[in-house]
2 protein chains.
Amino acid sequence: MPVDTRGTPTTVPAACCPPAALAAGLSGQQAADLARRLKALADPARLRLLSLIAGSPAGEACVCDLTDPLGLTQPTVSHHLKVLVDAGFLARDKRGVWAWFSIVPGAMETVAALLPGAVPARA
Amino acid sequence: MPVDTRGTPTTVPAACCPPAALAAGLSGQQAADLARRLKALADPARLRLLSLIAGSPAGEACVCDLTDPLGLTQPTVSHHLKVLVDAGFLARDKRGVWAWFSIVPGAMETVAALLPGAVPARA
DNA sequence: CCAGGACATTGACGCCCGTCCATACCTCCG
DNA sequence: CGGAGGTATGGACGGGCGTCAATGTCCTGG
């Protein structure tokens with residue numbers, strides 16, 4: 001340990017931003033929770049799925065519309081969609097034979113708002 | 001023999017929009033790049049590392065200060081720090097015996113700004 | 001010059017994840 | 001009621017990731 005002559009940990013200056021998340025204290029629980037949601041996003045196929053659904057005319061799409069653009073098999077796409085639904089980024093609405101997936105409003109923003117908390121605007 | 005009947009040369013339509021990220025045409029390249037950065041963040045240990053460094057009085061910390069709070073061994077912490085440096089979230093400054101790590105300003109915000117692009121404020 | 005400390009690298013192990021194939025489920029239509 | 005099409009699930013395989021112990025490298029102090 002470098003003895004840390006520069007300051008006591010109780011100081012915790014900055015930490016200005018109230019909605020900050022990654023600010024000093026980020027508990028193991030909080031880190032695990034945020035990491036779980038980020039892990040759901042950290043996949044090219046899932047990012048493209050979100051992109052395709054968000055960009056579709058009606059704001060929703062069914063599995064059959066998503067397999068071709070991704071070049072993945074139907075079960076694989078279904079698996080990715082399930083991951084995104086479980087993580088709270090997508091909503092599934094099964095109407096008749098087809099399952100329509102739509103973006104959950106605010107879910108992405110919530111995660112995005114948590115990230116910059118790590119850099120509390122140092123002086 | 002995989003045969004690969006679906007051998008579409010990754011037509012990648014659109015890919016036009018410069019600002020938004022998850023907007024309609026998120027190309028495979030863009031998705032892979034964003035996924036790679038998100039993958040670097042999608043780990044509880046790394047999130048806590050960023051938190052600890054950002055919350056430290058001087059905005060920087062060395063490995064020896066980070067092993068104890070995480071309960072991980074020094075090689076493991078060093079590995080995580082390398083991942084974060086390679087992803088552009090941390091900067092390493094080796095001064096004498098110690099290596100000081102600091103947050104790269106704006107890196108987190110860049111990623112955070114890309115995420116909400118998935119929900120282009122539907123009418 | 002040598003001993004010691006701080007950090008990085010290597011190799012190994014176990015686990016999780018992404019992908020596929022095969023198949024079951026569910027709903028509509030004739 | 002039975003077939004057909006869209007979707008979800010289960011099992012299996014390969015690869016990647018997180019972790020650790022052991023070792024290497026570089027700098028400092030005596």
Side-chain angles (χ1 to χ4, degrees), chain A residues 1-5 28 31-32 34-50 52-53 60-87 90-102, chain B residues 1-8 10 28 31-32 34-50 52-53 60-87 90-102:
Chain A
M1 293 260 293
V3 191
D4 195 349
T5 58
L34 180 54
R36 200 164 45 79
R37 279 183 286 182
L38 285 173
K39 219 175 277 272
L41 293 177
D43 183 278
R46 290 197 282 270
L47 288 175
R48 299 191 69 187
L49 281 175
L50 290 169
L52 287 169
I53 295 173
E60 56 183 4
C62 63
V63 180
C64 53
D65 291 330
L66 299 170
T67 52
D68 273 16
L70 288 190
L72 296 175
T73 64
Q74 174 267 321
T76 300
V77 171
S78 193
H79 161 69
H80 284 310
L81 289 171
K82 177 180 173 57
V83 171
L84 289 171
V85 169
D86 290 348
L90 284 182
R92 194 184 69 166
D93 179 27
K94 184 149 193 177
R95 293 198 295 270
V97 180
W98 294 283
W100 296 91
F101 292 85
S102 57
Chain B
M1 222 169 25
V3 184
D4 188 38
T5 55
R6 93 177 83 256
T8 53
T10 317
L34 180 54
R36 197 153 36 81
R37 278 183 286 181
L38 284 174
K39 219 176 275 275
L41 293 177
D43 184 278
R46 290 197 281 269
L47 287 175
R48 300 190 68 188
L49 280 174
L50 290 170
L52 287 168
I53 294 173
E60 56 181 4
C62 64
V63 180
C64 53
D65 289 331
L66 299 170
T67 52
D68 274 15
L70 288 191
L72 296 174
T73 64
Q74 175 267 319
T76 300
V77 172
S78 193
H79 161 68
H80 285 309
L81 289 170
K82 176 180 173 57
V83 171
L84 289 171
V85 168
D86 289 348
L90 284 183
R92 178 188 344 221
D93 179 28
K94 186 150 192 174
R95 294 199 295 269
V97 181
W98 296 292
W100 297 91
F101 291 86
S102 58

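Below, chain A is the first sequence line, B the second, and so on; all start at residue 1. Note that the structure is a prediction, hence the values are computed from the model and not measured.
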Test applied, side chain to side chain contact (heavy atoms under 4.5 Å, CB included); reference residue, L70(A); option that passes from L72(A), D68(A), T67(A): L72(A)

Whole angstrom value for the distance that separates C1' of dG6(D) from CZ of R92(A): 12 Å

Sugar-phosphate, base or nothing in reach of H79(A), heavy atoms under 4.0 Å: base

Separation between NZ of K94(A) and CZ of R92(A), rounded to the nearest 0.5 Å: 6.5 Å

Rounded distance in Å - CG (L41(A)) to P (dG18(C)): 12 Å

Salt bridge present between R95(A) and E60(A) (N-O < 4.0 angstrom): yes

Residue-phosphate contact under 4.0 Å: H80(A) side-chain N/O, dT19(C) OP1/OP2: yes

Whichever of V97(A) and R46(A) has its nearest DNA chain C nucleotide further upstream toward 5': R46(A)

Sugar-phosphate, base or nothing in reach of R95(A), heavy atoms under 4.0 Å: nothing

Matching residue for I53(B) among L84(B), L90(B), D65(B) - test: side chain to side chain contact (heavy atoms under 4.5 Å, CB included): L90(B)

Rounded distance in Å - CG (D68(B)) to P (dA6(C)): 12 Å

Nearest non-hydrogen partners of R48(A) and P69(A), listed with the distance: NH2-O, 4.0 Å

Integer-rounded Å distance: dA8(C) C1' and F101(B) CZ: 9 Å

Heavy-atom closest pair, residues A32(B) and P44(A): CA-CG, 3.9 Å

Side chain of V63(B) - closest among dC7(C), dG6(D), dA8(D): dC7(C)

Spacing between K82(B) atom NZ and dA8(C) atom P, to the nearest angstrom: 9 Å

Atom-to-atom span, CG of L47(B) to C1' of dG18(D) - whole angstrom: 14 Å

Residue-level proximity of residues 70-78 of chain B to DNA chain C when a heavy atom falls under 4.0 Å: Q74(B), P75(B), S78(B)

Spacing of K94(B) atom NZ relative to dC26(D) atom P, expressed in whole Å: 9 Å

Gap between atoms CZ and C1', on R36(A) and dC16(C) respectively (whole Å): 15 Å

Nearest-0.5 Å distance that lies between atom NE2 in H80(B) and atom CG in L47(B): 10.5 Å

